[in-house]
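Reminder, nothing fancy here: chain letters follow the sequence lines and each chain counts from 1.
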2 protein chains.
Amino acid sequence: MQAVLKDSGLKVTTQRCKLLEFLIQVDEQHLTVENIYQGLNAQGKSIGLNTVYRIMAHFEQAGLVVRRQFESENAVYELSGKPRHDHLICLTCGKLIEFADPLIDLRLWLAAERYGMSVDHHSLNIYGHCFDCKKKLESKSGR
Amino acid sequence: MQAVLKDSGLKVTTQRCKLLEFLIQVDEQHLTVENIYQGLNAQGKSIGLNTVYRIMAHFEQAGLVVRRQFESENAVYELSGKPRHDHLICLTCGKLIEFADPLIDLRLWLAAERYGMSVDHHSLNIYGHCFDCKKKLESKSGR
DNA sequence: GTCGGTGCAAATCCTTTGCACCCTC
DNA sequence: GAGGGTGCAAAGGATTTGCACCGAC
């Protein structure tokens with residue numbers, strides 16, 4: 001744990017260890033700062049909310065986590081190192097599906113190149129309705 | 001002007017007319033609420049900031065404008081009706097380029113379909129460095 | 001011992017809301 | 001004249017910052 005932090009060029013502190021441990025332990029995509037804060041405190045690991053904000057900012061800079069922001073929702077973080085992926089989001093129930101399409105990635109590259117741009121990263125989110133919600137919507141309105 | 005509002009099912013008021021006129025007049029992509037507020041007041045058209053927020057929310061619901069949110073920046077609006085497009089954003093100078101790639105759109109559709117999802121809309125933003133900024137970066141570090 | 005990290009509280013920023021008044025239909 | 005629209009000021013929520021203290025190196 002400490003080694004990970006050190007290797008990332010981060011100072012080792014109790015809070016950072018706990019936080020990182022927590023991220024690995026819950027291994028969930030898309031945790032909000034509030035989630036992390038609540039989660040840690042629920043486990044009796046007391047930590048300040050602003051500290052979570054600061055640590056996550058550091059972690060992001062160090063490349064340990066990735067920060068995402070969907071439409072007008074709060075920022076979420078996830079451990080980096082998982083393969084790159086994009087998101088499908090259900091507008092009704094909020095379900096979140098991850099997918100990856102190499103062909104899309106390639107086209108992005110080409111599009112950027114066409115305008116003389118290099119690609120650092122991208123964000124691609126598709127909003128729609130999932131199978132279950134579509135069915136529910138239909139049965140409600142379709143009578 | 002009034003006709004447009006009426007057709008969109010919106011009540012016609014002086015503020016809404018002025019605001020819509022302004023949007024058409026500056027015809028710029030990606031205006032923040034603050035931009036609009038400042039712009040209108042600079043033209044002597046007094047309007048409340050919260051009114052701009054409320055009107056833009058109505059305009060969005062009515063489909064007159066599209067709301068976008070880039071990374072952790074403030075929300076921006078643009079008149080809808082322009083062809084669908086995605087964005088290339090320079091991380092250095094903030095330059096914004098629009099592009100469209102039908103093949104990408106198609107792949108998005110397919111990806112959604114694979115998971116049983118319908119597509120309502122999507123947001124695709126590519127972050128990188130534009131030609132000019134790349135050159136500047138290289139000349140700075142490359143010595 | 002120094003310097004960065006942490007906690008608390010207060011501040012900030014964007015956005016929304018409550019309420020009295022005004023205007024459109 | 002009724003009901004939604006507007007302005008002001010105040011509330012709200014997420015995130016950041018100031019400052020004194022603490023801990024890591």
Might you point out which heavy atoms bring A:Cys90 and A:Cys130 nearest each other, and give the distance in Å? SG-N, 3.5 Å

Can you list, by residue number, the residues of residues 6-13 of chain A that have a non-hydrogen atom closer than 4.0 angstrom to DNA chain C? A:Lys11, A:Thr13

For residues 8-39 of chain A, the ring pair (Phe, Tyr, Trp, His ring centres under 6.0 Å) pairs (sequence neighbours left out) are A:His30-A:Phe70, A:His30-A:His87

Considering only nitrogen or oxygen atoms on both sides, find all protein atoms under 3.5 Å from nucleotides 8-10 of chain D and state each distance.
from, atom 1, to, atom 2, distance (Å)
D:dC8, N4, B:Asn50, ND2, 2.2

In the structure I gave you, are the side-chain heavy atoms of A:Met117 and B:Ile97 within less than 4.5 Å of one another anywhere? yes

Reckon A:Tyr53 has a side-chain N or O less than 4.0 Å from the OP1 or OP2 of D:dT15? yes

Run the salt bridge (Lys or Arg N to Asp or Glu O under 4.0 Å) test against B:Asp120 and tell me which residues pass, sequence neighbours left out. none

Those residues that, when tested against A:Asp105, pass side-chain hydrogen bond (donor to acceptor under 3.5 Å, both in side chains) (two or more places apart): A:Arg84

Please name the pair of heavy atoms, one in B:Ala111 and one in A:Leu88, separated by the smallest distance, quoted to 0.1 Å. O-CD1, 4.1 Å

Kindly state each residue pair satisfying ring pair (Phe, Tyr, Trp, His ring centres under 6.0 Å) with at least one member in residues 109-128 of chain A, sequence neighbours excluded. A:His121-B:Tyr127, A:Tyr127-B:His121

At how many degrees, to 10°, do the end axes of the helix from C:dG1-D:dC25 to C:dC25-D:dG1 meet when each uses five pairs? 30°

Give every donor-acceptor pair under 3.5 Å between a side-chain atom in residues 43-51 of chain A and any protein atom, sequence neighbours left out.
from, atom 1, to, atom 2, distance (Å)
A:Gln43, OE1, A:Lys45, NZ, 3.0

Any ring pair (Phe, Tyr, Trp, His ring centres under 6.0 Å) pairs touching residues 42-69 of chain B, not counting sequence neighbours? none

From CZ of A:Arg67 over to C1' of D:dT16, roughly how many Å is that when rounded to an integer? 12 Å

Going by side-chain hydrogen bond (donor to acceptor under 3.5 Å, both in side chains), name the residues that satisfy it together with A:Glu98, two or more places apart in sequence or in a different chain. A:His85

For atom OH of B:Tyr37 and atom P of C:dC13, their distance in whole Å: 15 Å

With side chains defined as the heavy atoms from C-beta onward, is the minimum distance between B:Cys133 and B:Lys95 less than 4.5 Å? no

Looking at residues 14-25 of chain B, who's got a heavy atom less than 4.0 Å off DNA chain C? none

Check whether B:Gln69 reaches the backbone of B:Glu73 with its side chain - one donor and one acceptor, N or O, closer than 3.5 Å. yes

Can you sort out the partners of B:Thr92 under side-chain hydrogen bond (donor to acceptor under 3.5 Å, both in side chains), two or more places apart, ordered by chain and number? B:His129

